[in-house]
Amino acid sequence: MPKTKKKVVPITLRIDQKGERFKKSSAETARRIRRFHVLNKELAKCRADKALGHATREKEILAEMEAMGGLDWYQRASQLGQSKRRGGDSSKWLIQTIEKKGLRKPSMRVLEVGAVSPDNYAPYKSWIEVTPIDLNPQDPRIKKQDFLKMPPSRTFDVVSLSLVVNFVGDPKERGKNGEGLGNPVVSH
């Protein structure tokens, strides 16, 4: 009996727990992503300051984030945002920069933090070995890992933090993103 291939439902046609379709508009998606970032930063401030009254605000923030669809919604919006129609992922920019700066080696190890798709570097697999990680991976080929808590067990030639630093709510934690990375050659 021939194998049947499971039909993949595009992200824009998926229905969430409330029975609502995922928003297609790039302007609406961008607006809601920005709001999610603002809420995430407010949440970090509330958690850092243990003053009374912040517990109530923390609950309000969490409720609003959950009403938006939570981290799952945010991840789906990120997948939609990196579609070719909306500009694609940052791997193309990174590869162009590596080549333009003359940094290309016959074999390079890339750690992609906040990976949305495990296939971003597929066109470069002849010379790029990618390790995609994320806090809430949407694909089983992406390792569930907090970059800030990652053990220094492996070295990489390149660490890609595209759109990661802005997601971390606490400014001190955002600063930790760059610790131990050595001297960055290029920034975006």
Could you go through residues 102-110 and list every donor-acceptor pair under 3.5 Å that involves a side-chain atom there, pairing it with any protein atom two or more places apart or in another chain?
| from | atom 1 | to | atom 2 | distance (Å) |
| --- | --- | --- | --- | --- |
| Arg104 | NH1 | Glu99 | OE2 | 2.8 |
| Lys105 | NZ | Asp157 | OD1 | 2.8 |
| Arg109 | NE | Thr155 | O | 3.0 |
| Arg109 | NH2 | Thr155 | OG1 | 3.3 |

Sorted by chain and number, sequence neighbours left out, side chain to side chain donor-acceptor pair (under 3.5 Å) with Arg35 holds for Glu64
Rounding to 0.5 Å, atoms CD1 (Ile128) and OG (Ser91) come to a distance of 9.5 Å
query: Is the shortest distance from a Lys or Arg side-chain nitrogen in Lys45 or Glu42 to a carboxylate oxygen in the other one below 4.0 Å?
result: no
If we only count heavy atoms from C-beta on, is the Leu62 to Leu43 side-chain gap below 4.5 Å? yes
Evaluation steps, side chain to side chain contact (heavy atoms under 4.5 Å, CB included), between Arg31 and Arg34: CA-CA 5 Å; Arg31 184 190 68 72; Arg34 282 191 305 273; 3.9 Å; yes
All heavy atoms of Arg141 vs all of Pro132, minimum pair found to be O-CG, 3.8 Å
In short, salt bridge (Lys or Arg N to Asp or Glu O under 4.0 Å) pairs touching residues 125-134 with sequence neighbours left out are Glu129-Arg154
Output for pair (Met65 CE, Phe36 CZ), nearest 0.5 Å, gives 3.5 Å
| request: Ignoring hydrogens and angles, tell me if any N or O in the side chain of Thr131 forms a donor-acceptor pair with the backbone of Leu111 under 3.5 Å. | output: no
- Taking the side chain as C-beta and beyond, is there a heavy-atom pair between Phe147 and Leu135 under 4.5 Å? no
Side-chain touch Trp127/Ile95, heavy atoms, less than 4.5 angstrom:
yes
Residue set satisfying salt bridge (Lys or Arg N to Asp or Glu O under 4.0 Å) with Lys149, at least two apart, ordered chain then number -> Asp146
Would you mind reporting whether Val159 and Val113 have side-chain heavy atoms less than 4.5 Å apart?
yes
A side-chain contact here means heavy atoms from C-beta on lying under 4.5 Å apart; do Tyr121 and Ser160 qualify? yes
Point to revise | Derivation and outcome, side chain to side chain contact (heavy atoms under 4.5 Å, CB included), residues Val130 and Asn120 | key: CA-CA 9 Å; Val130 67; Asn120 290 342; over 6 Å; no
Here the gap from Lys100 atom NZ to Trp93 atom CH2, rounded to the nearest 0.5 Å, amounts to 8.5 Å
Sorted by chain and residue number, the side-chain contact (heavy atoms from CB on, under 4.5 Å) partners of Lys143 (sequence neighbours excluded) come out as Ile133, Gln145
| query | How about Cys46 and Ile61: do any of their side-chain heavy atoms sit closer than 4.5 Å? | reply | yes
